[in-house]
Amino acid sequence: MAGFLIRRLTGLVLTLLAASAVVFLALELLPGDAAQILLGTEVRPDTLAAMRAQLGLDRPAALRYAEWIAGLATGDLGVSQVYHVPVWDMVRDRLAVSLPLAVLAFILSTLLALPFGITAAVKRGRLADTLIMGFAQIGLAVPNFWFGILLILLFAVQLGWVSAGGFPGWEGGVGPALGALFLPALALALSEAAILSRMVRASMLETLGEDYVRTARAKGLSGSRIVVGHALGNAMIPIATLMGLQFAFLVAGAVIIENVFYLPGVGRLLLQAIFERDLVLVRNLVLMLSAFVVALSFLVDMAYGAIDPRLRRAT
Amino acid sequence: MTGTRLPQLWIGLVVTVSVLAAALLSLVWTPYPVDAQSIIDRLQGPGAAHWLGTDMFGRDILSRVLGGAGTALLVGSAAVVVGLAGGLPLGLAAAMNRDGWADTLIARGADLIFAFPALLSAVLIAAVYGPGAANVVVAVGIFNIAVFARVIRGAALSVMARPFIRAALALGRPWPSVAAIHLLPNIAGVIAVQGTVQFAVAILAEAGLSYLGLGVKPPDPSWGKMLADAQTLLYLDPKQAIIPGLAILWAVLGLNMLGDGLRDLLDPRLRSMRARG
C-alpha cells in the first residue's frame, strides 16, 4: 500500500505542477500583457512601464512562475490587481458560499439517485423502471442553469415563496442561509442525480445477478434484505467512485449556478475577475478549482485502492 | 434489429435530424433576419406575424431559435472534429505502443486535460482571448481530444487482440494500412457513440458559456444567450425563458438517445456510464 500511495502522491504533485504551468502559460500568452490590459491602449509609455514594474512584469516569466509556486506553497496567493487586497481574503469569504452549495447539491443528488436507481434496478423492465430512466434521460439533457431559471420562475416569480436570488450570509443564521442555497443546490444536483441514478441501476443490476445473491434468494431471504443486506454494499463500490468524481464537477458547475442565483461564491468571483481582467485572481481561482478536481480524483483512487487490493498492483 | 426493439435509437435519430434540419434551414431562410430589431414590436406574444413572439429588442424568437440551432450544431460539430482529429491518432498510437513511452505520455497528457473540466478551460481561454464561439470550440475540443484518445485506445486494444489483426501483421502489412483497413472499421461504432456524447457535451457547454457572456457574441443567435436575456425579463415576460431551454433540451436529448440507441445496437450487453464534461 505504501508504494501505491507514494506513486499516486507523486502523480498528484506532478499533475498539479503541470496544471499550474498550463494556467501560467495560458495567461502569459495574452495579446498585450497584464499592464496593457489594465491601462488600455491609449496609455503613455512611461505609465505603462511603471505599471509593468509595479506588477513585476519586467522580470523574466520563469522567475515570476517560480515566485507564484513558492507563494502557493506557503499559502500566499498574491494580491488582486484590481482590488489590491490579498487574493486569499477574497477567496475565503466566497468559499463559505461555494463549498456548502456543492455539499448540499451532493447530498440532494445522492438522496435522489440512490432510491430511484435501486427501485429501477429492482423493478427492471416494469413501469417504474421506464419512468425513472425516462426522467434520468431528461435530467441529463436539461442544462442546469435553465433548470435554475425555471425554479426561480416557479418559486420566486409565480409563487413568491423565495427571493429570486442572493445570499443573506451566515451571520443571519443557518436557516435563512441554507434556504437561499436550496434551490441553487437543487438546480446543480439534477443532472448529477440523473447520471448517478443510471449508474446505481446498472451497478445494482450487475450485483443482483451474482451467484451469492441467487444463493441468498434460494435461502428464502426477503427481497428488501437481499437488496440492502447483500447487493447494495458491493454495488456501492463503483457508485462511491462516481460520487467522489461528481463532487468535483459540482464545484465546477457552481460557476454557472452561482451566476443564475446571484450567489457571492467562488464561481461568481471568477467571472467577475475575467470581466475585470484581474489576471492574478483568475490564475489562482482556476488553479484552485483544478487542484480541487485533481485532489478529489486522487482521494477516490486511494479509497478504491484501499477497498480493492488488485488495483494497487495494476497501477 | 427493428425499430420497435430499439425505440431509443429511432427517437434519437428523428429528434437529431429535426435539429439538423432546423440548423440547415436557418442558413437559407428564417422568418425574419435573426438580428433584425424592431422596438415597437418588442415583447409580443405568439401570433400570426411572430409565431413564437418577439424578444426585448423586437427580434423574432422563432428566427433566433432556428439561428441558435445553427450555432449549436456548428460549435458542437467543430468541437467533435477537433477532438477526433487529435484523439484518433493519439488513441491509436497509444494502443500500438501499449505501456511504452508514447502510451504513458498520452495518458499523462489526458490526466492533465481532465484536471480542467471543459467549462473551466473555456473560462480560462475566455480570460485570455475575450468572449467568442471559438473559445468553446477550443476548450471543448481539447477536452474531447483526451476523451477520444482514451476511448479509442481502449477500443483499439480490444480489437488488436483478435486473430485477424495479428494475421494481417504476420502477412507483413504495414501498421498504418492495418489500422486503416482492419482496425478503424471495427472501432467506428465506439467512436460514433462517443461522438454523440461529446456533441451533446459541446452543445451544453456552448449554451452555458454563452449564458455567462463568455461564448457566442451578440448579436449572433445562441440559445444560452437567449436565456441570459430572458432571465432579466422573468417578471415581465416569463415565457421568454421557456423556448430556448426547450430547444437545448430537445437537441441534447436527441443526441443522448441516439448515442444510447447506437450503443445498444452495437453491444446490447454494454451498459457503461456515459462520459461527460
Side-chain angles (χ1 to χ4, degrees), chain A residues 11 14-16 18-19 22-23 26-31 137-138 140-150 152-153 156-158 164 191 195 198-199 201-202 205-206 238 242 248-249 251-253 255-256 259-260 267 270-271 273-275 277 279 282-283 285-286 289-291 293-294 297, chain B residues 8 12 108-109 111-131 200 203-205 207-209 211-214 223-224 227-228 230-231 234-236 238-239 241-242 244-257 260 271-274 276-277:
Chain A
L14 288 178
T15 309
L16 283 178
V22 167
V23 173
L27 295 177
E28 278 292 310
L29 291 176
L30 273 174
Q137 188 70 275
I138 292 172
L140 269 177
V142 171
N144 57 15
F145 64 97
W146 182 50
F147 187 51
I149 293 173
L150 291 182
I152 294 173
L153 196 56
V157 178
Q158 301 291 337
S191 58
I195 294 167
R198 285 163 66 118
M199 180 76 178
R201 177 182 181 273
L205 280 179
E206 203 161 298
L242 179 65
F249 281 102
V251 173
V255 175
I256 294 192
N259 283 282
V260 176
L270 177 60
L271 200 68
I274 284 170
F275 286 126
R277 314 291 297 212
L279 298 182
V282 171
R283 183 169 80 185
L285 287 175
V286 170
L289 289 173
S290 132
V293 174
V294 176
S297 81
Chain B
Q8 290 222 89
R108 292 289 87 81
D111 280 347
L112 180 60
I113 289 172
F114 288 133
F116 298 93
L119 188 75
L120 199 58
S121 36
V123 165
L124 184 64
I125 295 168
V128 179
Y129 295 105
I203 289 180
L204 283 173
L209 288 162
Y211 170 81
L212 290 177
L214 299 174
W223 294 333
L227 283 175
Q231 202 183 353
L234 276 188
Y235 284 91
L236 204 59
K239 71 172 185 317
I242 306 292
L246 283 178
I248 303 172
L249 172 64
W250 184 253
V252 175
L253 192 61
L255 282 166
N256 282 345
M257 290 181 81
D260 281 356
R271 296 251 189 270
S272 64
M273 192 192 86
R274 292 174 72 80
R276 41 185 310 234

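Side chains are part of it too, since the values below use all heavy atoms of this structure and drop only hydrogens, waters and symmetry mates.
- In this structure, CG in A:L140 is found 12.5 Å from CG in B:L255, a value given to the nearest 0.5 Å.
- Of the two parts of A:V282, only the side chain, counted from C-beta on, holds a non-hydrogen atom closer than 4.5 Å to a non-hydrogen atom of chain B.
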Item to complete: Could you walk me through whether B:L124 and A:L27 pass the side chain to side chain contact (heavy atoms under 4.5 Å, CB included) test, one step at a time?
Response: CA-CA 8 Å; B:L124 184 64; A:L27 295 177; 4.1 Å; yes
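- The minimum heavy-atom distance between A:I149 and B:Y211, with the atom names listed, is CD1-CE1, 3.9 Å.
- Using a distance-only test at 3.5 Å, with no hydrogens or angles considered, no donor-acceptor pair links the side chain of A:Q137 to the main chain of B:M257.
- For residues 244-253 of chain B, the set of pairs meeting the salt bridge (charged side-chain N to carboxylate O under 4.0 Å, His left out) definition, not counting sequence neighbours, is empty.
- A donor-acceptor distance shorter than 3.5 angstrom exists from the side chain of A:W146 to the backbone of B:A241, with no hydrogens or angles considered.
- Smallest separation of non-hydrogen atoms from A:A164 and B:Y235: CB-OH, 3.9 Å.
- The minimum heavy-atom distance between A:S290 and B:A115, with the atom names listed, is CB-O, 3.2 Å.
- Across B:D111, B:L214, B:L209, the residue that shares the most heavy-atom pairs under 4.5 angstrom with chain A is B:L214.
- Neither the backbone nor the side chain of A:L16 comes within less than 4.5 Å of any heavy atom in chain B.
- For A:I256, the parts lying under 4.5 angstrom from a heavy atom of chain B are both the backbone and the side chain.
- Neither the backbone nor the side chain of B:I203 has a heavy atom closer than 4.5 Å to any heavy atom of chain A.
- Residue A:F147 does not touch chain B at all, counting heavy-atom pairs closer than 4.5 Å.
- Of the atoms belonging to B:I125, not a single heavy atom falls under 4.5 Å from chain A.
- Taking chain B as the reference chain and counting heavy-atom pairs below 4.5 Å, the highest number among A:T15, A:V260, A:L205, A:N259 is found for A:V260.
- Separation of atoms CG (B:L246) and CG (A:L150) is listed at 8.0 Å; rounding is to 0.5 Å.
- Nearest heavy-atom pair across A:A141 and B:L249 is CB-CD1, 3.6 Å.
- Shown here are the side chain to side chain contact (heavy atoms under 4.5 Å, CB included) partners of A:L14, two or more places apart in sequence or in another chain: A:T10.
- Residue contact with chain B, scored on non-hydrogen atoms closer than 4.5 Å, involves the backbone and the side chain of A:V142 alike.
- Heavy-atom distances place the side chain of A:Q158, and not its backbone, under 4.5 Å from chain B.
- In terms of non-hydrogen atom pairs under 4.5 Å with chain A, the most contact-rich of B:L234, B:I248, B:L204 is B:L234.
- Residues B:F116 and A:V286 share a closest heavy-atom pair of CE2-CG1, 4.0 Å.
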